[in-house]
Amino acid sequence: MIHYSEIEKTDNILFPYQKEMKHNVFTLWDSLDNIMVQMPTGTGKTILFASIVKDICIWIKEKHLSSHILILAHVRELIEQAADKLKNRGIDCGIIMRGYPVQLNRIVQVASIQTFMSIRNKERMAQERFDFIIIDEAHHSKATRYKNLWNMYPRSKKLGVTATPWRMDHTGFTELFDDIIISHPIEWFVKEGYLSNYDYISIAPNSTIQHEINSIDRFNVNGDYLEEELINRFDKDSIRAKLYESYNQFCRGKKGIIYAINRQHASNIRDTYKCRGVSIEMIDSLTPKHKRNSLLEDFRTGRLQVLVNVNIFSEGFDCPDIEFIQLARPTRSLAMFLQQIGRGLRFNKDKEKSLILDNVGLYNRFGTPMANRKWKFHFIGHEADISVYNDGSAITRDFVFGERAQDYEEGEEQMKLVEHVEGGKQIRSSDSEDSNHGLGDYNIFKKRGLYGICSRNNRTIIPPIYEDMHPYHKGYIPFKQNGKWGIMLSNGTIRVKPKYFYIGSFENGRAEVKNTIESESYWINEKLERLEYD
């Protein structure tokens, strides 16, 4: 019997948290075959699995085994990044991808999943012995090409690494992976200096653009907003002008990435910025390789300040001195949101902080980067109660009894600072310290006449931007905004939009609701179901 925990070697290049994760992987491999690892973007997943690969290579050579290691990814950037990291560790690997010669004599192979599982290569690859398989960005592993690996190599040890073990359909990953190892949250990495301090600046929940996003009811097969719908609504001169205004106000002269809807949108954003003197270019999957490499080199060296892109830098792009991220593409995908903002949170000693400009209100759906993501529930999937997913999936599931209340008043169009993070703490002035903190996990505090929620240790969870709030009760917080009441989850995600004249506090498992000033009151229970008795 092989004791995989004995393969592990001491690696002083790793940070302590990476050493802990590596130890957990080898230990779990003693009893399980398929392990998933979750680590936030920018915390060194590639460095972690490169260290694991090096240990396995040493073991294979010491034991004179014929085993091989396969590393799989779905985009060129990830494949080349993994090959570079391995080369830095003294490991020469073959690359199975279009444009590279096949070198199957090498112990380690880094492959494009598309090339590896192609009709031309699949049968040939099935004859190879890959006893260890590592899948980068493993939240894509539910795709058929990846799932076929389990049939091709049923006895191999598999490791999937990802920052976001999440799927929009909430099906989870337990059909492929036996268990998940979850790292520290983003808050811990910022506090310990592994990720950057940041300011998160967003549109208001009652802005016109947020109303427009909330009204979209056409989605693609994956459940995200339909691209055609997004272009029709948001690729307009007036909206692109507001994108530029917020960039000019907060990020002028800084190095950053803008996320656009599609090539048309990216091109129009580029032209809007360029005619105002910004050093900016666009890049997408159709950009020729030589031009892409030239643009990336100019960006890394500072000759180019801003890159506007379409899904190119959501995964696998490593440039720690990025100073800002601008979100110009609405999405319902928690994974896309966290992957994109993660590009700006990488630590760099010359960077005081990162700026995240959220021009499409993703914060209003997903909460802040520091929200407590319940990755275990996402990993499990449908077996878990959807209310614990903490991913914005419940935002459109309002309860409405009787006639729908009127929409908000004229929206607030100014970009506002939502969260300022320094050393892992959300900074507040002393006049916010009048909360009765320490009494529970979620406590109301008041600042300049507005209400928010802080934790037991007085860390702000929901910033003080609401007119009134009732106490937290079993996951829910009734709140008042623009004169109307709604209900949010404890991380700030809106569960019931503020459309009601009144929602009372929960007492004895129920809360009073009144749709309009003229309507009769009724009661809801802790599941937000209307009760048929007084």
Side-chain angles (χ1 to χ4, degrees), residues 2 4 21-22 24-41 45-46 48-49 52-53 56 67-75 78-79 82 96 109-118 121-122 125-126 128-183 221-223 315-316 333-336 338-339 373-384 386 388-389 391 393:
I2 298 173
Y4 293 90
M21 299 296 279
K22 185 174 87 165
N24 290 339
V25 169
F26 278 117
T27 300
L28 271 180
W29 266 345
D30 278 338
S31 57
L32 303 172
D33 289 333
N34 308 301
I35 305 299
M36 180 177 274
V37 163
Q38 182 276 327
M39 295 171 63
T41 298
K45 296 183 295 297
T46 308
L48 169 67
F49 72 67
I52 291 173
V53 168
I56 296 172
S67 296
H68 289 79
I69 305 165
L70 174 64
I71 301 168
L72 286 160
H74 68 293
V75 293
L78 291 170
I79 294 159
I96 304 173
Q109 299 292 323
V110 183
S112 157
I113 184 65
Q114 294 89 343
T115 302
F116 190 87
M117 300 298 288
S118 66
N121 291 326
K122 182 178 177 181
M125 295 305 164
E128 298 295 321
R129 178 179 173 181
F130 291 111
D131 291 326
F132 298 89
I133 298 176
I134 297 173
I135 300 171
D136 200 3
E137 303 297 351
H139 51 282
H140 296 290
S141 60
K142 295 293 288 290
T144 301
R145 282 175 173 150
Y146 282 109
K147 291 170 71 172
N148 285 339
L149 290 169
W150 270 252
N151 296 324
M152 290 174 63
Y153 309 105
R155 290 183 293 276
S156 66
K157 293 292 181 179
K158 300 178 187 71
L159 171 65
V161 296
T162 178
T164 53
W166 178 91
R167 289 181 57 79
M168 193 171 292
D169 61 7
H170 293 141
T171 53
F173 299 89
T174 53
E175 68 174 291
L176 299 176
F177 294 96
D178 304 312
D179 203 354
I180 184 170
I181 302 169
I182 299 172
S183 73
V221 293
N222 296 318
E315 299 166 339
S333 169
L334 174 66
M336 180 179 289
L338 291 177
Q339 293 281 353
R373 311 293 171 190
K374 299 185 182 297
W375 295 123
K376 184 71 172 183
F377 293 105
H378 294 301
F379 174 78
I380 294 171
H382 276 154
E383 296 177 31
I386 193 171
V388 304
Y389 281 138
D391 65 351
S393 59

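When reading the values below, keep in mind they use all heavy atoms of this one structure, side chains included, and skip hydrogens, waters and symmetry mates. The chain is numbered in sequence order, starting from 1. Since the structure is predicted, the reported quantities are computational estimates derived from the model, not experimental observations.
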Separation of I181 CD1 from K22 NZ (nearest 0.5 Å):
13.0 Å
Shortest non-hydrogen contact from N34 toward S156
OD1-O, 4.3 Å
Heavy-atom closest pair (G160 atom, F177 atom, distance to 0.1 Å) is N-CE2, 3.6 Å
So how far is it from I180 CD1 to F379 CZ, rounded to the nearest 0.5 Å?
5.5 Å
Beyond-backbone contact of W29 with I52, side-chain heavy atoms, under 4.5 angstrom:
yes
Side chains of N148 and K122, heavy atoms from C-beta outward: is any pair under 4.5 Å?
yes
Nearest 0.5 angstrom please: L159 CG to K45 NZ, how far?
12.0 Å
Under 4.5 Å between any side-chain heavy atoms of L334 and R373, yes or no?
yes
So does N24 get a backbone contact from the side chain of T27, meaning a donor-acceptor N/O pair under 3.5 Å?
no
Non-hydrogen side-chain atoms of W150 and K158 separated by less than 4.5 Å:
yes
Which heavy atom of P165 sits nearest a heavy atom of F173, and at what distance?
C-CE1, 3.5 Å
If we only count heavy atoms from C-beta on, is the F26 to I56 side-chain gap below 4.5 Å?
yes
Would you check if the side chain of K142 reaches a backbone N or O of G172 as a donor-acceptor pair within less than 3.5 Å?
yes
Taking every heavy atom of R167 against every heavy atom of H139, the minimum-distance pair comes out as NH1-O, 4.1 Å
Only counting residues at least two apart or in another chain, list the ones meeting side chain to side chain contact (heavy atoms under 4.5 Å, CB included) with A73.
L78, I79, D136
Taking the side chain as every heavy atom from C-beta outward, state whether F116 and Q109 have any pair of such atoms under 4.5 Å apart.
no
Using 0.5 Å steps for rounding, measure from the OG1 atom of T171 to the CD1 atom of I380.
13.0 Å
Calculate, to the nearest 0.5 Å, the distance between atoms CD and OG1 belonging to Q339 and T162 respectively.
6.0 Å
Does M125 reach the side chain of Y153, with side-chain heavy atoms less than 4.5 Å apart?
yes
Who pairs with L32 by side chain to side chain contact (heavy atoms under 4.5 Å, CB included), at least two apart in sequence or on another chain?
L28, I35, D178, D179
CD1/I133 to CD1/I69 distance, rounded to the nearest 0.5 angstrom?
11.0 Å
Are the side chains of M39 and V161 in touch, meaning some heavy atoms are under 4.5 Å apart?
no
Please report the shortest heavy-atom distance between M168 and N222, naming the atom on each side.
SD-O, 3.0 Å
Please check: side-chain N/O of T164 versus main-chain N/O of W166, any donor-acceptor pairing under 3.5 Å?
no
For R129 and S67, work out which heavy atoms get closest and say how close.
NH2-OG, 3.7 Å
Look at the aromatic rings of W375 and H378 and report parallel, tilted or perpendicular, splitting at 30° and 60°.
tilted
